[in-house]
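Let me begin by presenting the structure, written as structure tokens, before commenting on it.
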Amino acid sequence: MKSCGRFTSSDGGLTADPFSEEIIYEIDQPYTNHNGGAIHFGPDGMLYFGLGDGGSAGDPLGAGQDVSTALGSLIRLDVDGRDPYAIPADNPFAAGGGAPEIYAWGLRNPWRFSFDPITADLWVGDVGQYDWEEVSLVERGGNYGWNLKEGSHCYSVDPCDFGELIDPVVEYPNPSYASVV
């Protein structure tokens with residue numbers, strides 16, 4: 001189970017009361033790896049949370065392309081809305097057709113991401129299976145191709161030139177099994 005929560009602070013955020021934890025979001029994890037990554041507030045005030053495909057080699061559950069699950073996605077929540085959270089109205093599946101928390105999908109293990117402090121662009125480092133590490137510029141509703149592609153290369157299907165899949169901005173070969181950071 002992977003979760004994110006909120007804590008209260010009585011000193012302006014210098015410390016948090018560990019006994020005040022309130023779970024905001026929780027999701028079952030089928031395997032012991034690719035269970036989640038960074039959690040950040042975006043410039044829009046929303047909470048962003050990276051979730052891997054649930055683990056195991058090659059995405060055996062097909063979570064990367066299954067929008068009915070938030071696994072293999074970057075999720076976006078309004079934690080200032082209803083308790084424990086609200087779905088931002090402009091999330092791709094806010095009105096149905098997929099998990100409403102999803103902001104972007106087709107990610108293998110988006111364990112690191114950040115917002116450009118000047119442009120507010122969202123950049124994610126997505127860990128490849130064996131051969132390719134990638135850095136993608138994330139857009140709302142974007143499908144980044146996992147497990148059909150690893151980076152810009154075909155992975156589980158060939159050909160893999162589906163028009164709706166977004167290739168990374170940067171990719172590099174990984175001969176030593178070192179994850180993108």
Side-chain angles (χ1 to χ4, degrees), residues 1-9 11-18 20-29 34-54 63-128 133-146 151 164-171 179-181:
M1 185 72 68
K2 179 68 177 179
S3 61
C4 69
R6 79 174 93 213
F7 294 85
T8 58
S9 174
D11 56 11
L14 295 174
T15 62
D17 176 1
S20 68
E21 182 180 22
E22 175 191 351
I23 300 297
I24 296 173
Y25 183 82
E26 206 165 41
I27 188 167
D28 287 329
Q29 294 289 332
H34 306 177
N35 299 141
I39 300 173
H40 296 286
F41 283 98
D44 59 0
M46 302 297 158
L47 182 67
Y48 291 76
F49 183 16
L51 285 170
D53 63 9
Q65 292 300 309
D66 180 0
V67 296
S68 72
T69 178
L71 294 173
S73 300
L74 195 62
I75 67 169
R76 180 173 170 246
L77 309 174
D78 179 356
V79 295
D80 289 331
R82 292 181 307 200
D83 189 28
Y85 65 87
I87 301 298
D90 62 345
N91 273 8
F93 303 109
E101 295 87 358
I102 292 176
Y103 183 76
W105 70 97
L107 299 163
R108 182 173 180 268
N109 191 12
W111 71 300
R112 295 289 184 260
F113 66 90
S114 62
F115 293 90
D116 183 294
I118 296 170
T119 65
D121 288 340
L122 175 52
W123 293 91
V124 65
D126 195 12
V127 179
E133 300 298 300
E134 62 186 89
V135 177
S136 294
L137 178 58
V138 175
E139 56 188 63
R140 180 175 43 90
N143 180 348
Y144 294 85
W146 177 250
E164 71 274 6
L165 303 180
I166 300 170
D167 284 340
V169 173
V170 174
E171 65 180 358
S179 299
V180 64
V181 291

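Keep in mind the model is a prediction, meaning the values are calculated, not measured.
Listed here is the closest heavy atom pair of Phe115 and Ala120: CD2-O, 3.7 Å. Nearest heavy-atom pair across Ala70 and Ala99 is N-CB, 4.2 Å. Pro110 and Ser73 get closest at one heavy-atom pair: CG-O, 4.1 Å. The minimum heavy-atom distance linking Ile102 with Pro92 is given by the pair O-CD, 3.0 Å. Of all heavy-atom pairs spanning Ile87 and Asn91, the tightest one is CG2-ND2, 4.1 Å. The two atoms that bring Asp167 and Gly151 nearest to each other are OD1-O, 4.0 Å, heavy atoms only.
The CD atom of Glu26 lies 8.0 Å from the CG atom of Asp28; values are rounded to the nearest 0.5 Å. To the nearest 0.5 angstrom, Leu71 atom CG is 7.5 Å from Asp53 atom CG. The distance from the CD1 atom of Ile24 to the CD1 atom of Ile39 is 8.5 Å, given to the nearest 0.5 Å.
Judged by distance alone, the side chains of Trp146 and Asp126 never bring a donor and an acceptor atom under 3.5 Å apart. Side-chain contact check for Tyr103 and Arg140: no donor-acceptor pair (N or O, by modelled atom type) lies under 3.5 Å. Between the side chains of Glu101 and Tyr85, at least one donor-acceptor pair of N or O atoms lies under 3.5 Å.
Put simply, the side chain of Arg112 does not reach to within 4.5 Å of the side chain of Val127, judged on heavy atoms. You'll find the side chain of Glu134 stays beyond 4.5 Å of the side chain of Val170, heavy atoms only. Between Val124 and Ser136 there is a side-chain heavy-atom pair separated by less than 4.5 Å. Contact annotation: the side chain of Tyr25 approaches that of Leu51 to within less than 4.5 Å [non-hydrogen atoms, C-beta and beyond]. Looking only at side-chain heavy atoms (C-beta outward), Leu122 and Leu74 come within less than 4.5 Å of each other.
Counting only residues at least two apart or on different chains, no salt bridge (Lys or Arg N to Asp or Glu O under 4.0 Å) pair has a member in residues 34-43.
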| Under the side-chain contact (heavy atoms from CB on, under 4.5 Å) criterion, do Met46 and Leu77 qualify, and how do the steps go? | CA-CA 6 Å; Met46 302 297 158; Leu77 309 174; over 6 Å; no
| request: Apply side-chain contact (heavy atoms from CB on, under 4.5 Å) to the pair Val67 and Asn143, showing each step before the final yes or no. | output: CA-CA 10 Å; Val67 296; Asn143 180 348; over 6 Å; no
| message | Set out, in order, the CA-CA distance, both residues' side-chain angles and the distance that settles side-chain contact (heavy atoms from CB on, under 4.5 Å) for Val135 and Val169, then state yes or no. | response | CA-CA 6 Å; Val135 177; Val169 173; 5.7 Å; no
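Not one N or O on the side chain of Thr8 forms a donor-acceptor pair closer than 3.5 Å with the backbone of Ser20. Of the possible polar contacts, one joining the Ser9 side chain to the Thr15 backbone as a donor-acceptor pair under 3.5 Å is found.
The aromatic rings of Phe93 and Trp105 sit tilted relative to each other, their planes meeting at an angle between 30° and 60°.
Take Glu22 and apply the salt bridge (Lys or Arg N to Asp or Glu O under 4.0 Å) test, not counting sequence neighbours, and it matches Arg6.
Paired with His40 under the rule ring pair (Phe, Tyr, Trp, His ring centres under 6.0 Å), one option of Phe49, Phe113, Tyr48, Trp123 passes, and it is Phe113.
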